[in-house]
Amino acid sequence: MVAQTAISSREAEVLSLVGEHLSNAEIGARLFISVRTVETHVSSLLRKLGASDRRGLAQLAAEWSRAGRGGVATLGLPAPVSSFVGRERERAALTDAVRQHRQVSAVGAGGVGKTRLALAVAEAAAGDFADGVWFVDLVPVTDPAMVGAAVAFAVGIGEQPGRGMDDSVVAALADRHALLVLDNCEHVRDGVAPLLERLLAGCPRLKVLTTSRARLMVPFERVHPVVPLSLGSDGNSDAVALFLDRAAAVGWPLAAEQRGQVAEICRELDGMALAIELAAARLPALGLDGLADVLSDQLRLLTGGARVDDRHRSVRAMLDWSHALLETADRMLLRRIAVFVAPFTVDAARQVAGFGPLDAAAVVDGLARLTEQSLLTATPSPGGTRYRTLETIRQYGVEQLAAAGELDDIRYRHLGWCVTIAATLAEDTGQDTGVWRTGFDAAADDIRAALGWATDRPQHRSEAYDLALALAQLTFTRNLVGEAQQRYEQAASLAAEAFSARSALRYAAAAAGCRMHGDDMFRLLRAAAAVARGAGDTAGAARDLATAAATCYRFAGTFSRPPAPGEAARLLAEARELAGDDTAARAAVALAECGVLSDADGPGTGGPDTAEPTAIALAERAVELATRTNDPLILSAALDALTAVQCWAGETAAAARTARRRVEVLAPVPMTPAGAHEWVSALSEAAETCVGVGDLAGARRWGGQLRDLPLLAERGDFATSRLLVADALTGNFDDVLANSGRFRDAWQRTGSRHAPDLATAAAAVAMVHGLRGDAAARRQWLAIVDKLDTEAAQKAGYRAVFDAVVQLHHGQADQALASLQVEPAEIDEQVIWMWRDWYLALRAEATALTADPDAHGRIAAARTIVSGNPVAGALLDRAESLLEGNRDGLLAAAASFDAAGCRYQAARTLVLAGG
């Protein structure tokens with residue numbers, strides 16, 4: 001946690017600006033430092049503070065700011081607005097239970113004081129947990145399925161592509177030694193219980209403290225009853241102490257001789273903390289004598305003497321009494337604002353509650369009065385003061401709304417406010433500022449609650465559709481991609497027109513693609529095709545069917561269960577029949593034909609099974625048709641197919657040109673789900689192909705953009721993978737080591753999964769450690785390579801190149817030559833294509849340094865292949881100069897390396913030249 005970790009003053013400044021959701025460029029401009037320096041500070045903060053990503057840092061920054069940047073250990077806990085009084089014995093017992101047991105449930109009636117006790121215990125136990133204490137308020141959560149998302153938000157965890165939100169939470173907390181406090185679980189027990197079971201099973205060092213009105217009935221649960229405050233006849237009880245403290249807080253200190261009267265009032269209230277606080281708030285209006293008289297009569301009337309068996313009745317009695325003492329306008333306001341499930345602003349209250357007979361001024365004055373009487377709490381926030389109703393009081397207000405026959409009317413006004421605020425936020429998402437994010441985070445739970453209410457009411461179907469669509473867009477931009485997919489599917493089910501339903505399903509499919517869930521992409525595209533076909537849109541159906549078929553090979557690695565053999569070919573055949581003369585449909589069919597050429601090998605084989613000319617011709621036809629559509633996303637997909645075929649055919653330079661064109665095509669495309677999905681693929685492909693042709697500047701540019709994509713915030717391993725390779729080959733070793741921590745941590749959070757597409761990055765990090773002479777670190781990273789890529793044949797290209805660079809650096813030319821002894825023609829094209837130029841040039845140098853008699857021949861043969869690759873060409877120049885003892889040639893080669901941006905090889909060449 002921040003307070004317990006030493007961070008520099010500059011890091012503190014960077015952390016604060018990350019909390020404002022500024023980009024690295026904006027932070028650099030604000031602090032007058034370079035973007036690279038900002039990146040270094042952010043990487044350091046991620047490592048020091050244990051945050052999983054930038055969102056986690058922003059959450060920490062917000063908590064740090066609220067804590068006044070002091071030495072508060074309980075950074076993840078909300079700051080109480082009043083002091084904690086009494087319960088010393090209960091606090092000690094619950095603290096001890098938390099230390100001894102994995103999961104403890106503080107169970108008691110509403111208003112008994114569970115939340116305040118849990119906060120006090122969490123603060124007391126914070127020092128026992130190296131990774132912190134996190135508080136999750138579940139009051140705003142109305143859907144049990146969103147419990148995991150609430151935990152993720154509180155802890156600063158985002159959804160990892162390829163995992164659901166609950167899986168992401170478990171993975172992120174797997175090795176954390178932390179305490180998680182889940183408050184107010186009773187209304188979402190169906191969501192809390194399964195998540196708790198997974199957390200307890202998958203996070204052995206995590207402990208959980210919950211508060212609830214009932215047991216959660218999960219394994220390992222240790223129930224700790226929370227009883228009312230102690231009541232004593234001598235006036236020294238905890239209940240009396242609380243009353244006196246709150247009385248002093250409202251400017252009404254009581255004398256010692258009045259303790260007996262206070263004790264009697266507390267006994268009437270059964271020691272219920274909420275009831276005592278509400279009563280104390282009435283002292284300025286009634287005085288102690290008036291309070292005792294009115295309270296005694298009112299409670300006797302309302303409870304009929306049955307309070308001891310049902311402690312909660314005293315709270316209801318207190319609420320009934322407090323409600324009865326309010327002015328008519330304040331009673332109306334209290335019940336109207338009960339529809340807000342999260343803290344709300346004055347403006348929000350005016351819009352929802354400010355109608356006859358309440359005007360805007362009455363709302364503002366009423367909020368102040370309700371706050372003075374402890375029926376509301378007011379807290380400062382970046383957007384101004386926000387008001388919040390305790391859950392017990394909010395539920396009471398909803399009951400009063402129903403009793404007054406106003407519930408549906410107020411919920412409809414609340415729905416209208418949510419539709420308006422969601423639309424406004426959606427318009428602001430294009431601006432790269434933190435303003436809309438703060439607004440969304442504040443309104444999200446109310447939007448979800450309003451959507452849940454409207455969905456079940458046919459008369460509000462239109463508003464529910466609009467709200468679901470806006471929420472989908474907002475959650476996607478907020479990087480809550482799993483929820484975005486869910487909301488797009490929900491919007492499709494609410495759409496009144498087939499066109500709207502199909503559009504929402506296609507967005508849902510793209511969101512599934514961003515999550516690396518190929519199965520869902522395939523399902524949703526077929527669903528979109530069915531909707532289009534049912535509406536008579538045969539061309540639209542053809543496009544969706546063909547896109548589904550293409551998904552089987554474009555994104556084969558994201559399927560958990562590949563479609564049945566022949567399924568993709570069947571969809572393609574159906575799409576051909578429906579396409580007609582529609583250009584977009586024909587382009588989609590042509591794209592699918594690039595990969596789904598027959599049923600022989602089945603779908604998902606990853607590449608065409610025809611001769612090179614036929615495959616290239618098919619891909620070029622797909623590009624030609626896609627160009628006619630003027631749709632950059634369709635063209636991007638076609639260019640992806642062409643790049644793949646060119647790589648397979650060994651046309652490295654052509655593949656690089658096509659990949660660069662693809663990035664240029666996508667330049668104006670916004671970060672919608674479909675756009676983001678293509679961007680990830682395009683940037684990754686462009687960075688890889690640039691390495692293949694020796695364009696290190698391009699590889700670093702595209703790799704840096706890939707690293708900074710918000711969509712990959714939770715996949716630091718994939719996000720940094722291409723930049724790590726480019727920086728390692730360039731010679732930016734400090735940057736490699738800085739980013740390698742993010743790579744390794746993210747990969748470990750995924751469960752250290754097998755991922756061959758990441759192995760090259762790990763091998764690049766191992767190479768850097770080898771060049772620096774850190775043999776132990778090199779062995780560790782080579783072990784990671786072996787876990788990522790278990791097939792030796794798949795490592796033949798990049799592993800040989802990186803090993804040879806290290807061996808040549810240390811003067812082990814014989815070993816380097818042995819690493820590169822296999823002829824490139826004998827290695828699978830998909831393995832060697834990107835590394836062919838590097839492989840041949842390094843092998844030529846190894847033959848020169850070992851005085852191999854075939855050195856001149858190998859250098860000459862290599863030149864015909866690596867033509868156009870500036871780095872490989874410089875390697876061959878250096879090899880030839882070494883063979884001939886030509887110092888001037890070495891200096892010229894060093895200059896060539898420098899011009900190509902290959903700093904390490906330039907420096908090594910100067911050393912070989914005697915510099």
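We count residues from 1, following the sequence as given. Remember, predicted model here, so these are calculated numbers, not experimental data.
Residues satisfying the salt bridge (charged side-chain N to carboxylate O under 4.0 Å, His left out) criterion with Arg863, sequence neighbours excluded, are Asp877, Glu880. Legend: residues meeting ring-ring contact (aromatic ring centres under 6.0 Å, His included) with Tyr904, ordered by chain and number and at least two apart, are Phe733, His809. Applying the side-chain hydrogen bond (donor to acceptor under 3.5 Å, both in side chains) test to Arg660 and every residue at least two apart in sequence or in another chain returns nothing. Remark: His677 pairs with Phe555 by the ring-ring contact (aromatic ring centres under 6.0 Å, His included) rule, at least two apart or across chains.
Between the Asn739 side chain and the Leu724 main chain, no donor and acceptor come within less than 3.5 Å of each other. Asp837 contributes no side-chain N or O that, together with a main-chain N or O of Val693, makes up a donor-acceptor pair within less than 3.5 Å. Although no hydrogens or angles enter the test, the distance criterion places no donor-acceptor pair under 3.5 Å between the side chain of Ser867 and the main chain of Thr864. Looking only at distances, a side-chain donor or acceptor of Thr627 sits under 3.5 Å from a matching main-chain atom of Val623.
In plain terms, the two heavy atoms of Arg722 and Gly703 that are nearest each other are CB-CA, 4.3 Å. Pairing each heavy atom of Pro563 with each of Cys552, the nearest pair is CG-SG, 3.6 Å. Between Val645 and Ile616 the shortest heavy-atom distance is CG1-CG1, 3.2 Å. Contact between Ser819 and Ala800 at its shortest, heavy atoms only, is O-CB, 3.5 Å. Closest heavy-atom contact between Ala844 and Ile859: CB-CG1, 3.8 Å. When all heavy atoms are compared, the tightest approach of Ala894 to Thr909 is N-CG2, 3.7 Å.
Contact annotation: the side chain of Trp781 approaches that of Arg744 to within less than 4.5 Å [non-hydrogen atoms, C-beta and beyond]. Arg700 places a side-chain heavy atom less than 4.5 Å from the side chain of Asp735. Within the 4.5 Å cutoff, side-chain heavy atoms of Val765 are placed close to those of Val736. Looking at heavy atoms from C-beta onward, Val822 lies in side-chain contact with Tyr839 at the 4.5 angstrom threshold. Considering only heavy atoms from C-beta on, Arg715 comes within 4.5 Å of Leu758 through its side chain. Two residues are said to be in side-chain contact when any heavy atoms from C-beta on lie closer than 4.5 Å; Gln748 and Asp175 fail this criterion. At a threshold of 4.5 Å between non-hydrogen side-chain atoms, the residues Arg778 and Val806 count as touching. The shortest side-chain heavy-atom distance between His769 and Leu737 falls under the 4.5 Å cut-off.
Interatomic distance, Asp852 CG to Arg843 CZ, rounded to the nearest 0.5 Å: 9.5 Å. One finds the SG atom of Cys594 at 10.0 Å from the CG atom of Asp640 (value rounded to the nearest 0.5 Å). Considering OG1 of Thr720 and CG of Leu706, their distance stands at 8.5 Å, rounded to 0.5 Å. One finds the CG atom of Leu591 at 14.5 Å from the CZ atom of Arg586 (value rounded to the nearest 0.5 Å). Considering CH2 of Trp702 and CH2 of Trp679, their distance stands at 7.0 Å, rounded to 0.5 Å. Distance CG/Leu572 to OG1/Thr547: 11.0 Å, rounded to 0.5 Å.
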Q. Leu729 and Phe802: side chain to side chain contact (heavy atoms under 4.5 Å, CB included), yes or no, with the steps?
A. CA-CA 9 Å; Leu729 294 172; Phe802 288 134; 3.8 Å; yes
Q: Go through the steps for Ser681 and Arg662 under the test side chain to side chain donor-acceptor pair (under 3.5 Å), then give the verdict.
A: CA-CA 10 Å; Ser681 171; Arg662 185 182 177 200; 3.1 Å; yes
Q: Check the pair Glu884, His856 against side chain to side chain contact (heavy atoms under 4.5 Å, CB included), reporting the backbone distance first and the verdict last.
A: CA-CA 10 Å; Glu884 297 173 352; His856 280 293; 3.9 Å; yes
Q: Please step through salt bridge (Lys or Arg N to Asp or Glu O under 4.0 Å) for the pair Glu567 and Arg570, ending with a clear verdict.
A: CA-CA 5 Å; Glu567 178 68 9; Arg570 184 187 67 77; 2.7 Å; yes
Q | Pair Leu842-Leu875, side chain to side chain contact (heavy atoms under 4.5 Å, CB included): steps then yes or no | A | CA-CA 7 Å; Leu842 289 168; Leu875 285 170; 4.2 Å; yes
Q) How far apart are the C-alpha atoms of Thr847 and Arg858, what are their side-chain angles, what is the distance that settles it, and do they pass the side chain to side chain donor-acceptor pair (under 3.5 Å) test? A) CA-CA 8 Å; Thr847 59; Arg858 285 194 167 181; 5.5 Å; no
Q: Apply the test side chain to side chain contact (heavy atoms under 4.5 Å, CB included) to residues Met834 and Thr652: give CA-CA distance (whole Å), side-chain angles for both, the deciding distance (0.1 Å), then the verdict.
A: CA-CA 7 Å; Met834 176 176 152; Thr652 308; over 6 Å; no
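Electrostatic pairing of Glu664 and Arg661 does not count as a salt bridge here, judged by no charged N lying under 4.0 Å from a carboxylate O. With salt bridges taken as basic N to acidic carboxylate O contacts below 4.0 Å, one links Arg554 and Glu678. Ion pair Asp695/Arg657 not flagged as a salt bridge, since none of the NZ, NE, NH1 or NH2 atoms sits closer than 4.0 Å to an Asp/Glu carboxylate oxygen.
Sequence neighbours left out, the pairs with a member in residues 629-638 that pass salt bridge (charged side-chain N to carboxylate O under 4.0 Å, His left out) are Arg543-Asp631.
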For residues 782-789, which side-chain N or O atoms pair as donor and acceptor with protein atoms under 3.5 Å away, sequence neighbours left out?
| residue | atom | partner | partner atom | Å |
| --- | --- | --- | --- | --- |
| Asp786 | OD1 | Lys795 | NZ | 2.8 |
| Asp789 | OD2 | Tyr798 | OH | 3.0 |

